[in-house]
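Below is one structure; the comments refer to it alone.
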Amino acid sequence: MSRPTGLPTRLLSRLSRQFFAAVTLACLLTALGICVWWVTVADDADSHFEPAASGLALVAAVTGVYAERRAAARERRAQALHSLADELVKNTELLTGAGFAPLDPRAPRARVHPRLVQSATDAALVSGVFSEPGHEELLTLLHRWRDGVHDFNRRLDLAELRTYVSEVPAAELLAIDEAMHREGGRLDGLRRLRAALEELLRGRYAEQPGVAARLDRLG
């Protein structure tokens, strides 16, 4: 579903880059041609070509500055996508690792769980690099992911505080662990969000240089 939306956006981005480059080059070449003609051919009565040449040079400068700002925005967006892909790989390793394996019902014990990371998500949302039209789906998913990770890490803090501060019966340890691992629970919900984020990055942003290579580490 994300591909049909992303293709027109990427095509529009390419066309806009070509348009501004063409406008800048055309204005500069026209201004240069007027200046050469004015110096070599025109007489003193043709001084009205001076403001024309200056105006074209200003247009070229303005379009050049705008194109440069767009290029800088694309670079920041690419860096944010790289960080998000790296963070996704790290969180995938944590969610599928031994740190969140179910407790052994024969010998349950209190333990410290790894915490999911969200610094790249926070940076991407705060920086506004995805504020341009066409990234609404990614923004929505990043907000959901950030809230989910924050809530999950806070619940881990509370659970570990409960199990380490006082002696907790084995039955309660198993109940806490079962609640975390049950279908439709917090851990299951986070894994679904993680899968949705990976699918979106692969389906829509994998063409960005460096993103696909990072996502390939997920297998």
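Because only heavy atoms are used, hydrogens play no part in the values below, and waters and symmetry mates are left out as well, while side chains stay in. From a predicted model like this one, the values you see are computed outputs, not experimental measurements.
Note that OG of S119 is 11.5 Å distant from NZ of K90, once rounded to the nearest 0.5 Å. To the nearest 0.5 Å, atom CG of residue L156 and atom CG of residue D151 are 9.5 Å apart. In this structure, CG on L139 lies 13.5 Å from CZ on R144, to the nearest 0.5 angstrom. Note that CD of E93 is 7.0 Å distant from OG1 of T96, once rounded to the nearest 0.5 Å. Rounding to the nearest 0.5 Å gives a distance of 13.5 Å between CG of L81 and CZ of R74.
Counting only distance, with no hydrogens or angles, the side chain of R182 and the backbone of M180 share no donor-acceptor pair below 3.5 Å. With E183 contributing its side chain and D188 its backbone, the two residues share no donor-acceptor pair below 3.5 Å. Panel note: side chain R146, backbone T121; no donor-acceptor pair is recorded below 3.5 Å. Under a 3.5 Å cut-off, the side chain of R202 and the backbone N or O of L215 do form a donor-acceptor pair. Put simply, the side chain of E198 never gets that close to the backbone of L88: no donor and acceptor are under 3.5 Å apart.
Considering every non-hydrogen atom in both A170 and P108, the closest pair reads CB-CG, 3.5 Å. Closest of all the heavy-atom pairs between A124 and L142 is CB-CD1, 4.4 Å. Closest heavy-atom contact between V168 and T163: CG2-CA, 3.6 Å. Here the closest heavy-atom approach between residue G210 and residue H82 is recorded as CA-NE2, 3.8 Å. Smallest separation of non-hydrogen atoms from V112 and R115: CG1-NH1, 4.5 Å. Between G128 and S131, the shortest heavy-atom distance links the atoms O-OG, 2.7 Å.
The closest side-chain heavy-atom distance from L103 to R111 is below 4.5 Å.
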When you look at R217 and D86, which way does the salt bridge (charged side-chain N to carboxylate O under 4.0 Å, His left out) test go after all the steps?
CA-CA 9 Å; R217 288 182 288 169; D86 289 336; 2.5 Å; yes
Any chance you could lay out the salt bridge (charged side-chain N to carboxylate O under 4.0 Å, His left out) test for R154 and D157, step after step, and finish with the verdict?
CA-CA 5 Å; R154 182 175 60 85; D157 291 338; over 6 Å; no
Run the side-chain contact (heavy atoms from CB on, under 4.5 Å) test on L190 and R194 for me, step by step, so that the C-alpha distance in whole Å, both residues' side-chain angles and the decisive distance to 0.1 Å come before the verdict.
CA-CA 6 Å; L190 271 182; R194 189 220 64 81; over 6 Å; no
Yes or no on side-chain contact (heavy atoms from CB on, under 4.5 Å) for R77 and Q208, after CA distance, side-chain angles and deciding distance?
CA-CA 10 Å; R77 189 157 51 245; Q208 294 286 335; 5.6 Å; no
Could you check L187 against R155 for side-chain contact (heavy atoms from CB on, under 4.5 Å), going step by step and ending with a plain yes or no?
CA-CA 11 Å; L187 187 58; R155 289 173 181 271; over 6 Å; no
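Linking Ile, Leu, Val, Met, Phe, Trp and Tyr whenever their side-chain heavy atoms come within less than 4.5 Å puts W145 and F100 in one cluster. Clustering ILVMFWY residues whenever any of their side-chain heavy atoms sit less than 4.5 angstrom apart, transitively, puts L141 in the very cluster that holds V129. By the criterion of side-chain heavy atoms lying less than 4.5 angstrom apart, applied directly or through intervening Ile, Leu, Val, Met, Phe, Trp or Tyr residues, L201 is grouped together with L94 in one hydrophobic cluster. Both F152 and L197 are members of a single hydrophobic cluster when ILVMFWY side chains are connected at heavy-atom separations under 4.5 Å. Linking Ile, Leu, Val, Met, Phe, Trp and Tyr whenever their side-chain heavy atoms come within less than 4.5 Å puts L84 and V89 in one cluster.
Ring pair F130/Y205 is perpendicular by interplanar angle, where above 60° counts as perpendicular and below 30° as parallel.
Other residues, nucleotides and ligands place more than 12 heavy atoms under 6.0 Å from the CD atom of E172. Other residues, nucleotides and ligands contribute at most 12 non-hydrogen atoms within 6.0 Å of the CZ atom of R192. The local environment of NE2 in H143 is crowded, with over 12 non-hydrogen atoms from other residues, nucleotides or ligands closer than 6.0 Å.
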